[in-house]
Number of protein chains: 2
Amino acid sequence: MAKRIGAPAATSVSSSSSASGLRQPVRMSDVAQAAGVARVTVSRALNYPETLAPATLAKVLDTIRRLGYVPDLTAGSLASARSRIVGAIVPTLSNSWYADTMEGLAAVLGPSGYHLMLAQSNYHPRAEAGLVDAFLGRRVDAIVLTGVTRDRGVRGKLRKLGLPVIETWDLTDSPIDTVVGFSNTGAGQAVAAYFGSRARLRIGFIGAREERSLKRLAGLNRGLAALGAQPAHAELLHPPSSIALGAQAANSLLRKQPDIQGVFCSNDSLAAGALLECRRRGWDVPGRLAVIGFSDLAMAEASYPPLTTVRVQAREIGRQTAQALLRRFGGEPRARHQRILDVGFEIIERESA
Amino acid sequence: MAKRIGAPAATSVSSSSSASGLRQPVRMSDVAQAAGVARVTVSRALNYPETLAPATLAKVLDTIRRLGYVPDLTAGSLASARSRIVGAIVPTLSNSWYADTMEGLAAVLGPSGYHLMLAQSNYHPRAEAGLVDAFLGRRVDAIVLTGVTRDRGVRGKLRKLGLPVIETWDLTDSPIDTVVGFSNTGAGQAVAAYFGSRARLRIGFIGAREERSLKRLAGLNRGLAALGAQPAHAELLHPPSSIALGAQAANSLLRKQPDIQGVFCSNDSLAAGALLECRRRGWDVPGRLAVIGFSDLAMAEASYPPLTTVRVQAREIGRQTAQALLRRFGGEPRARHQRILDVGFEIIERESA
DNA sequence: TTGAAAGCGCTAACAT
DNA sequence: ATGTTAGCGCTTTCAA
């Protein structure tokens with residue numbers, strides 16, 4: 001399928017310096033002394049500049065610059081009990097859905113002085129509890145979760161702690177704190193309706209055996225039922241998904257159910273694989289089989305035929321998550337808090353269905 | 001090109017709890033008291049378990065579990081001057097090259113107790129200095145940079161600090177500390193040679209006006225020169241790249257240079273766009289125009305025709321970076337330090353060239 | 001093998 | 001508007 005023309009890895013060796021436990025040479029007290037003020041004044045210049053006399057402020061800031069002082073946020077966090085760190089857990093960054101969400105999150109958080117700390121669960125819901133604890137140990141100011149966590153221990157602990165927590169990429173009526181996402185079942189239903197409107201009622205599904213993907217399947221089946229159609233023939237895989245897995249699953253599905261008229265792939269990579277399989281079989285898409293993907297990756301537009309897919313605003317989920325957090329950090333009155341933010345989805349009609 | 005079928009965003013409102021500056025309820029001294037030992041002993045149980053009598057260790061660990069104690073790493077970092085945080089700067093996570101590298105980095109770092117902190121430069125070399133300072137303020141144990149930083153201030157400061165620093169996605173003979181990547185100019189040369197071996201000597205280039213992309217162009221031109229060919233007709237864009245930009249750039253390039261026989265796109269998205277443009281014009285690929293991409297994204301395989309591209313091990317760069325760091329943290333003798341790690345690249349021949 | 005004392009560098013009250 | 005006094009919760013000597 002693909003020939004390799006190698007430029008093998010070469011490797012060079014050399015020596016180097018190293019160190020550990022190094023500290024910045026200049027501390028706040030050095031600045032204070034040099035500027036002829038107390039340490040608090042330096043602290044205030046940094047954190048509450050408006051409380052200082054303009055002249056003092058200028059003098060301190062100038063000294064800071066002159067000495068190249070970089071405040072130790074580790075000490076600051078300890079003293080203030082605020083770390084200005086947001087911890088986020090994603091299944092993996094290799095899936096560009098989540099990478100995009102993180103990009104949106106970091107892009108909004110960064111300019112406000114917050115840092116993003118990342119951990120990957122590799123789609124293991126069990127791992128989440130440990131990762132959450134690790135973040136709590138870091139005294140993060142908030143936690144961002146992918147999906148609506150089902151672990152009761154985690155939900156209880158986080159709720160009790162009162163820490164800002166955003167669940168993402170799905171919706172629920174009773175979030176731990178706040179949820180930013182869209183309805184996965186709703187997306188499945190919309191796809192069923194789309195197939196129905198084109199008189200395609202024998203439907204297949206290819207997706208990962210994973211929470212949100214299964215919700216999309218459930219929605220699809222609900223929608224099919226509403227059309228009076230049979231439930232979808234489902235091919236469930238272990239994440240992570242890939243084009244190769246999609247092709248394989250499509251092959252297996254079509255062998256078992258050759259009369260299927262449409263297939264909903266819970267993920268554009270799988271859908272691209274399904275298109276490949278159709279091409280291999282010489283099946284016309286969408287004539288013989290309609291294919292719908294999910295998420296509208298760049299690849300959807302580049303594949304052949306261009307993929308009809310459910311577009312989801314991955315980056316927007318990140319942005320809105322960040323904004324919700326900033327509002328929270330800013331001390332927005334808790335009563336008027338929006339706890340459920342639906343960023344929606346839309347079906348992008350191209351040529352595959 | 002794409003119809004939208006909307007399921008517009010709905011929004012729900014509700015109330016919530018909130019808090020700030022919350023602290024974990026149980027501290028090390030609580031554990032110490034409950035276990036009938038001194039605080040240090042608890043600390044040792046966590047950090048140097050082998051120095052404790054097995055009975056003491058068991059007793060302490062049990063108490064920790066019973067009380068649900070989660071150590072405050074913020075305090076630990078302050079006291080020990082080691083944060084177990086690695087700070088990484090990428091242009092953007094939206095580019096899956098860098099997302100993949102971060103996934104590899106986090107995947108190796110996590111199990112060793114290190115956390116990944118992320119910041120995005122948005123391709124602004126100028127922003128890097130600020131982001132580095134922000135990381136230094138967090139007292140990160142190491143910094144991972146994308147590309148070989150040219151900012152002399154940054155290089156000097158980091159080198160002087162002696163902090164482990166890994167530059168990635170490129171090579172250089174004189175890294176700040178260590179570099180993990182591949183030769184971008186080498187990749188460009190390899191592409192030139194590839195075109196040359198197929199007797200294509202009128203070549204175009206589409207890429208971002210960005211350091212590493214320009215190196216690939218330089219390599220391409222060097223390779224073309226070696227073949228006795230003219231330099232590539234280059235279409236330079238502002239990052240980030242996209243399929244749409246690629247199509248547009250291809251259109252512009254082909255209008256100016258309709259007799260071009262091959263085009264090297266410095267990025268698979270741009271290449272996918274070029275393929276789209278060829279399809280639009282009804283040009284045969286590779287018959288009339290050969291297209292080569294860069295990085296071997298999933299989309300390369302899914303596009304039509306499947307894209308010949310230069311494969312780069314994005315994830316492997318992250319993994320090797322992490323491993324180099326762990327070796328460093330583990331106190332590997334500095335003299336035997338590999339400072340230049342070349343992960344190589346390979347041309348994946350599919351059908352577009 | 002365990003403990004006591006002394007900070008790490010900063011911010012938060014509470015003055016003044 | 002600025003300073004003084006106490007820690008934040010942990011790790012690190014050093015001693016026993």
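These values consider heavy atoms only, across backbone and side chains, with no hydrogens, waters or symmetry-generated copies. Since the structure is predicted, the reported quantities are computational estimates derived from the model, not experimental observations. Convention: sequence-line order gives letters A, B, ...; per-chain numbering from 1.
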> Any luck finding a side-chain donor-acceptor pair between B:Arg139 and B:Ser77 under 3.5 Å?
Replying inline: no
> Cut-off 3.5 Å, side chains only: do B:Thr149 and B:Glu128 have a donor facing an acceptor?
Replying inline: yes
[X] side chain vs [Y] backbone, donor-acceptor pair below 3.5 Å:
X	Y	answer
B:Arg339	B:Val179	no
B:Thr101	B:Ala314	yes
A:Asn122	A:His124	no

Gap between atoms [atom1] and [atom2], on [X] and [N] respectively (whole Å):
X	N	atom1	atom2	result
B:Leu78	C:dA6	CG	P	18 Å
B:Arg138	C:dG9	CZ	C1'	15 Å
A:Arg82	C:dT11	CZ	C1'	10 Å
B:Arg39	C:dA4	CZ	P	10 Å

> Quick one: how far along DNA chain D does chain A reach, first to last nucleotide 5' to 3', anything under 4.0 Å to a heavy atom?
Replying inline: D:dA1 to D:dG9
Any side-chain heavy-atom pair of [X] and [Y] under 4.5 Å:
X	Y	answer
A:His115	A:Leu73	no
B:Val148	B:Arg155	yes
A:Val86	A:Phe329	yes
B:Arg138	B:Ser83	no

> Going by number, which of residues 57-73 of chain A have a non-hydrogen atom under 4.0 Å from DNA chain D?
Replying inline: none
> Looking at DNA chain D, which of residues 26-37 of chain B put a heavy atom within less than 4.0 Å of it?
Replying inline: B:Arg27, B:Met28
Which pairs, protein N/O on one side and nucleotides 13-16 of chain C N/O on the other, fall under 3.5 Å?
none

>> At 4.0 Å (heavy atoms only), tell me whether B:Thr74 reaches a base, stays on the sugar-phosphate, or touches nothing.
In response: nothing
>> Could you work out, with side chain to side chain contact (heavy atoms under 4.5 Å, CB included) as the rule, every residue matching B:Val40, not counting sequence neighbours?
In response: B:Ala38, B:Arg44
> Taking only residues two or more places apart in sequence or in another chain, which ones pass side chain to side chain contact (heavy atoms under 4.5 Å, CB included) with A:Thr321?
Replying inline: A:Leu105, A:Val144, A:Ile166, A:Thr168, A:Val180, A:Ile317, A:Leu325
>> Here's a test of your reading of the structure: between B:Ala79 and B:Thr41, which maps to the more 5' nucleotide of DNA chain C?
In response: B:Thr41
> Do the charged groups of A:Arg82 and A:Asp141 touch, with an N to O distance under 4.0 Å?
Replying inline: no
>> For B:Lys59, is there an ion pair with B:Asp62 - N to carboxylate O distance below 4.0 angstrom?
In response: no
